[in-house]
Amino acid sequence: MKIEYYIVLSLALFCIGIAGVLTRRNAIIIFMCIELMLNAVNLLLVAFSKMHHVAEGAKNVAMAGIDGQLFVFFIMVVAAAEVSVGLAIIVMMYRNTHSVDVNFLNRLKH
Amino acid sequence: MSATVFLFYFLSVLALGSAIMVVVSRNPVHSVLWLIATFFAISGHYILMNAQFIGIVNLIVYAGAIMVLFLFVIMLMNMNADSEPKKNKWLKLAGVVSGGCLLLVMVAALKSAEVKGQLVQMKDGDIGLIANLGKALFTDFVVPFEIASVLFLSAMVGTVVIGKKGD
Amino acid sequence: MIPVLLIVIPLLSGLATFLIKQEKGAKTWSLLASLITLVVSVIGITMVKDKAALSANLEWLPMLGSSFSVTLDGMGQILCLLTAVAFPMIFLATWNASYKNAKSFYALMLLGQAGLMGAFLAHDALLFYFFWELALIPAYFLCSQWGGERRIAVTMKFFIYTFVGSLFMLIGIIYVYFHAGQNFSIESFYSAALSPKEQNWLFWLFFVAFAIKMPIFPLHTWQPDTYEQSPTAVTMVLSGVMVKMGLLGVIRWLAPVLPMATWQNGDTVGLLCVIGMIYASILAIQQDDLKRLIAYSSIAHVGLMCLAIFVTSEKGMQGVMIQMFNHGINVIGLWIVVELIERQFGTRKISELGGLAQKAPALAILLVVVSLANVALPLTNAFIGEFLLFTGVFTSTVSKMGPVFTAVAGLSIILSAVYTLNMIQRVFFGNTNQLTASAHDIRSNEKIVLGILVVAILVVGVYPKPFLELTQGTVEAIMSKMITKHPI
Amino acid sequence: MKNILQLVWMVPVLPLIGFLINGLFRKQLSKPLVSLVGCLSVLSSFVISVLIFLDVKNGHTGVVNYFDFISVGKLHIPFAFQADQLSALWLLVVTGVGFLIHLYSTAYMKDEEPQHYARYFAYLNLFVFSMLLLILGANFVIMFIGWEGVGLCSYLLIGFWFKNNEYGNAAKKAFIMNRIGDLGFLLAIFWMVLKLGTVTYHTGDNTGVFDLVSKLSTFDITGITLLLFVGATGKSAQIPLYTWLPDAMAGPTPVSALIHAATMVTAGIYMIARSNILYTLAPVTQTVVAVIGLATALLAATIALKQNDIKKVLAYSTVSQLGYMFLGLGVGAYTGAVFHVMTHAFFKALLFLGAGSVIHAMHHEQDIRNMGGLKKKLPITHLTFLIGCIAIAGIPPFSGFFSKDEILAAAYANNPIYWYLGVAGALMTAFYMFRLYATTFLGQFRGTEEQKHHLHESPLSMTFPLIVLAILAALAGFVGVPEVLMPNSHALGEFLAPIFADSAKHAHAHHLDHSTEYVLMAVSVIGAAIAIIYAIFRFTRKPDLQEATGFGKVLADKWYVDEFYNGIIVRPLNWLGKFLNTYIEKGLIDWVVNGVGRSVNYLSRQVRLVQSGQVGSYVLLMVLSILVFFVIQFFLKK
Amino acid sequence: MNAIVISAIWGVIMMFSGAFSKNLKTVRALSIVGIALLFVVNLLELYGTHLFTVDTKGMLQFDSFGLLFNAIAIGSTAVYFLLNGRDMEKVGLHVAEYYALIFFVLCGISIASSFSSLLMLFLAIEIISIPLYILTGADKRNLKSNEASLKYFLMGAFSTGIMLMGICLIFGAKGSFSIEQIALGDGTLTPMVGAGLLLLMFSLAFKVSAAPFHFWTPDVYDGAPTVFTSFMATIVKAGLFIAFIKLFGDAFGELHGQWQTLIAIITAATLIIGNLTAVFQQSVKRMLAYSSIAQAGFMLFSLVALNGMGREGLLYYTLAYSIPTIGIFAILVRMKDYTFEGFNGLAKHQPVLAAVTSIFLLSLAGIPATAGFMGKFYMLSAAIQNGHVMWLVIIGIICAAISVYYYFRVIQAMYFKEGDAQELETSSFHKGLLVLMAAFVIFIGIQPQWLLNQLYTFFS
């Protein structure tokens, strides 16, 4: 497969995520859309990793491109940590206001 | 059309479709489920590229652990389709349009990307195998690996601080 | 060592004043300190020959190419003398005034003096900028704390206005710095390699700062308000001394550094100055508030000095030197009178006063003398200055506009007579009214201060030679820089 | 007798000392002491002046340098005094008349409080000092110092009774109008500095202004002389700057006599006489001077015809006479002009002092309509006043005849029209002076009973100066008897010849033949005599007590010149000031400055609305920014 | 490495200290010990003593610039602990945890100042961010704190996504995460690198609260407990700046010309928006939030100019900005009324505090003889030396003038307005420390030589 396909696919996913962040009001869904963005990145990273493996492999670098996949691993790690904190915050918010609607977050403005 | 290409397109359509469904679903629970579908499709892509470890981890960690967590929270809050009031139509439109424009602009910008035409290795290559990844992780990537623990620690502490009841 | 002392004495004594609890003590102490400064500055003037004693170059920021370089040249001597004379005068004249939180007042005054001294002495651009701003801060606090009703808004405007100007200058300084071998010393500034185009826009950066400080039309509107709202002691510092920072800036840091641009823009600036002079003079006629009247009159006088600098002539420059001193003395004299009037009657409105000459003849006489100096009557100090200034403008070989400028600017001589005499007549002559019927004459300390000023006015007016000789070297040095660097 | 020249500095310094003593110790000194100091200082100046005059007459002229006044680069302005024929003559007049007037003042001002009495004498002394500086200065700057100094003293003395706002306004007007002239003077000085690099009259090495005239182009000379003349019009009350002088009568009468008749107002003539060489080389200016002088003479004479204030009449007559002097200068009759200055100083001081004596007697009544028949009550005053009137009317052999005749003769030689108009003015002069005389001294007394009761002749200290001046007014003409009447008897002309020598070289000599001169003299004398007789007869019987009507009112209201000036200068200036204050200063400049602040505030208020608190809009804005930046980076650059 | 390891370890120690000791004093003492230790070990490394020799495989690279910055950050944190220790205890019950989180943040900052791989940059930024989300929400029952926390978190996560996409594209183009590898190239900006670079720039701009990615800042700074705002606005922001300049200087320095205009636009926007919006604020705390945006604008000059002077200046500015801001917040945190009126008449009741606050404000406004002036001087010099961005310099000074307006409003309130200042509980220790800080601000304002020496020693 040519890399362009992955780029377009991944960008599409990424932008769907962004659009989701923009259109939804529920904090959890927004958060999910952000996860979608991360996954788009992950997908592209793996694709790049495999691409570089081909390109660099020709130059006898055995493990070329492997760092891309490892980065994906770290992204997952971070995402997991983020999710735990994020959900904790959302729950805390919910406990106080009984809502997760970001439109109600307007005590702080101007 | 080879099987690979067919699979690629199938998975892509699946991923995009479910991603869109995540955004448009009125019910949060449905969103979660569609997101899980997206993750599955992406895992499919990984496996298609012979990135087995990432594919599996994606399923276990994301689709399994993280999304379940989301689901729990949503259930906990007892959310359903009607719990989210309609957002301003124009704002929604603006969101979609700007998301679309961003896609257009980025694609246009990368139209003549330097990697254009390079091939992605499919179904082959062993860098995605757990052995190789593991080796690299504990040699070259040991420092970030260790440092990631700090991240977890802080997340843990944070969750305790935030989540602990009683004050 | 002398220049360092001139800065350090007021600085340290100012800081020390913060610690004095009693009002009387703070007053006495600050008077004492300012007198010591005066003595030092007089010593500085007498040591013309001893170049070593008149300059100091201490290490400050070698890595940035800046040093604590202070030199008491002719211009510095005359301005430091003015500063040193002004402060004891002010303290004495306001001896009977009572300020709440007096220690802070006097402390800030002394700190302001230190800043002024520094700006007059600095021969290093960064150092100059430092002191330039430092002189402003105490002034800001003094005006805002002890000023009139609208003081907060007005001094804010004053501060920001001058601060914007200073920042423009800072850009200019830094730009020149990079073209002067990354060195801030005045010598390297004078030999900075700048193309005419660069000079041209740098010129306006510098000029704006100085023009605001002086102030030059149309950047003057902060000034009448600030003078009006400030406590008079501070107004004396502002108009008597601080205004000279702008002139000094032009003479020391603008004209010789950017000679080509100075030549090129001389007529434009000159035009502004002339317009400003006439404009301010006409406005002065309209004022009912004594302070505003003097403020506008000050704008007119400073405009003339600035004009004389920009037509690049030796006589004019010499005139500026001596006039900087004279204007300081005269305007302080006027402010003292205003202060005395305001303290006694609680008003500065010309329309509410009248007939003071009957009740306070000594005040009237002293005011008349000072006013006459203000209109540059011969045998007063200002005549020497204005004569040289006008001669310089008229006979300028650089500006084609010299005679025209002189003729138009000369109208201010007439207008100054109009508003000054108006003021004298309406305040001092005529019959007394309810307010002034119970007036008393001034106290002896006030008499002494004004008397000293009057003597100074007359002495300089009759025998200006020592002053002219004092600054001759500076004038020649600057003129040579302004002229030789010109392509023609 | 070199040593007398060394004493020149004492001439001005003595009055200065007098000023300082009287000024500083005005509260301590008693009135007699003040008078003593005041008079003595001027008297000693006079004595020294006489010595100097004698010395100069013997040909010992010279310049004494004291110190460098201003010295910058190549420009050197020494503080130096010049003793020559012109200054020596003027010294005599100033100190002499000055002393007499000081003496007169001791009686005239005796009702003042001691403090103000001392102040008065201090001012007078200061005036004498300034006037002497003006005369003695060896360069234009020193002259200018005195020039402005006398203006100041005039200001102080006009406004001497400072409680009265009218007087204050008159003083202010005098000062400001003088300043207008002074600006011209200053510009002329600058012009000299520009072209010649010096302002000294003559120097030993021939680098003075008058030595270097050949270096100046016609344009320069014309410019310089015109500007100097502007100065002269201010100080000597010529069109268009004459209006202050009548108002200046607000001051005490001796002051009017000294400053506004005898000395200060002649400073313009002195200056032009001093720089005669310049004027001789600038024919255009000369014409201007002559025309302005003549016009002033006529205008002032017409106004004087209808004035009823005794001092006002004299004031306009002064303006008119000054006009004659300028006419003289303009036609090159420098000696004549100086001559007329001298004679005028005598008879006009006499007239003013006489008027003062009348006013004194009438308890500060100045309106001649309320006088009349004072002849009997004030015999000395009457007699001396009559002498003064005859002198000014130009009846031989009184002094005015000689000096005026000399000017008119020269005017005729230059252009007969000058003469016709000049004689017309002279006739008017004779007429209004005798109108004044007749209304005041002849006929019936028209004042109040109380005034009548108190009428008395003035004390000796007032009449003595009158007598001395009357003698001088009567006889001073003989120092300049015209060639036709007595050859080689023009002592003054011979004395002044060195001063005007250079001009004489350049001037085209217009020599009238003797017969013409006789005719001219006869015409003017006869005309004057007729005017006098007519005036005496007419006003002794029926003084015009009514308000003037018709054209007479125009004259009485001074051709409405003050109103005209008010309309074209004072009011527009005020209007301009108000306009600038409201619309430019506050409405435009300050509005812009404050507007910057306001717009910052306004922008701040608007910009902060972007901070809506909504996460959605924040992210939207961020995404849009990303879009924009992408577009800029990828599609807009290059 | 010393700082990274010790701060991580001490974070854990602090974590447990809360469990083992209920005595807050012990916890506080322990934190002081920790920060002191941290400071010492960092200095040791600065002078060449490495406690831990770890082969980082090119993931981290310690240079004097980063270490010097660490020293500044750790030192400032020490001051912060000393000043704000008591106030932290008032936020909530989990004092030990707060300390632990702050130590973790310091660990992140140490990484941010020494990363040489995009992976480490990513981790560093996350390690810095996640504790901050929590600290922002530490005042759990305060809705504002909750809201701030959630806003911060959502937008932070969003920007993480942007950053990752950027990293990903860079990786796609260059095939490596290593800064050295990325820096290789012929100096032309290829599309994918360009896109990645932009996305990275945006996400980092977000972190340092540069406009138009600053929107979270005022709300978060306003909502967060004041003690933590103080920490976030100063030390953390500076740490992120170091990461920013390190990445763009080291990895994309060659391409500087290609992105200079964009960053200049961002800088201008930051300056204008920060300063303009601050003008109309009623709350001092919120004003300080906007002012921190404005100050970030000035710090961005170092990126725009990207020369030696800019880097030195950034360090200097960090100090010159952090110390006064920490000081003002330390006073603010003890006030009940955060509005400008709350400061009315403070000078009469608390002359020392008022004087100290004035000095801090003067420094922030960039008045000579305070540290702030030298900071601004450096930044302006850097931009002028660069020569291409004179327009930005002009905007900068105009904004500096505007900043005077709102900083001086506080001074006006304290000195020139009548009012009953609030009761402030201050100890003499607290006051003394503030006075020392003020003295320090003036000292390095008048005699920056001391600091410059350090800078030049380590740069040469």
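Within every chain, numbering begins at 1; the chains are lettered A, B, ... in the order of the sequence lines, protein sequences first and strands thereafter.
With a 4.5 angstrom heavy-atom cutoff, E/Leu198 does not touch chain B via any of its atoms. Heavy atoms closer than 4.5 Å to chain B are found in both the backbone and the side chain of E/Ile127. For E/Val193, the parts lying near chain B are the backbone and the side chain together; criterion is any non-hydrogen pair under 4.5 Å. With a 4.5 angstrom heavy-atom cutoff, E/Ala173 touches chain B via backbone and side-chain atoms both. Both the backbone and the side chain of B/Ala113 come within less than 4.5 Å of a heavy atom of chain E. With a 4.5 angstrom heavy-atom cutoff, E/Met192 touches chain B via backbone and side-chain atoms both.
For the pair E/Ile179 and E/Phe115, the minimum side-chain heavy-atom distance is below 4.5 Å. Inter-residue side-chain proximity for E/Thr136 and E/Phe228 is flagged as unmet; no heavy-atom pair is nearer than 4.5 Å. Taking 4.5 Å as the limit, some side-chain heavy atom of E/Phe52 sits within range of a side-chain heavy atom of E/Asn2.
For the residue pair B/Glu114/E/Thr190, the side-chain donor-acceptor check at 3.5 Å is satisfied.
Under the 30°/60° scheme for interplanar angles, the aromatic rings of E/Phe171 and E/Phe177 are found to lie parallel.
The greatest number of non-hydrogen atom pairs below 4.5 Å with chain B, out of E/Leu60, E/Leu199, E/Thr56, E/Val105, is found for E/Thr56.
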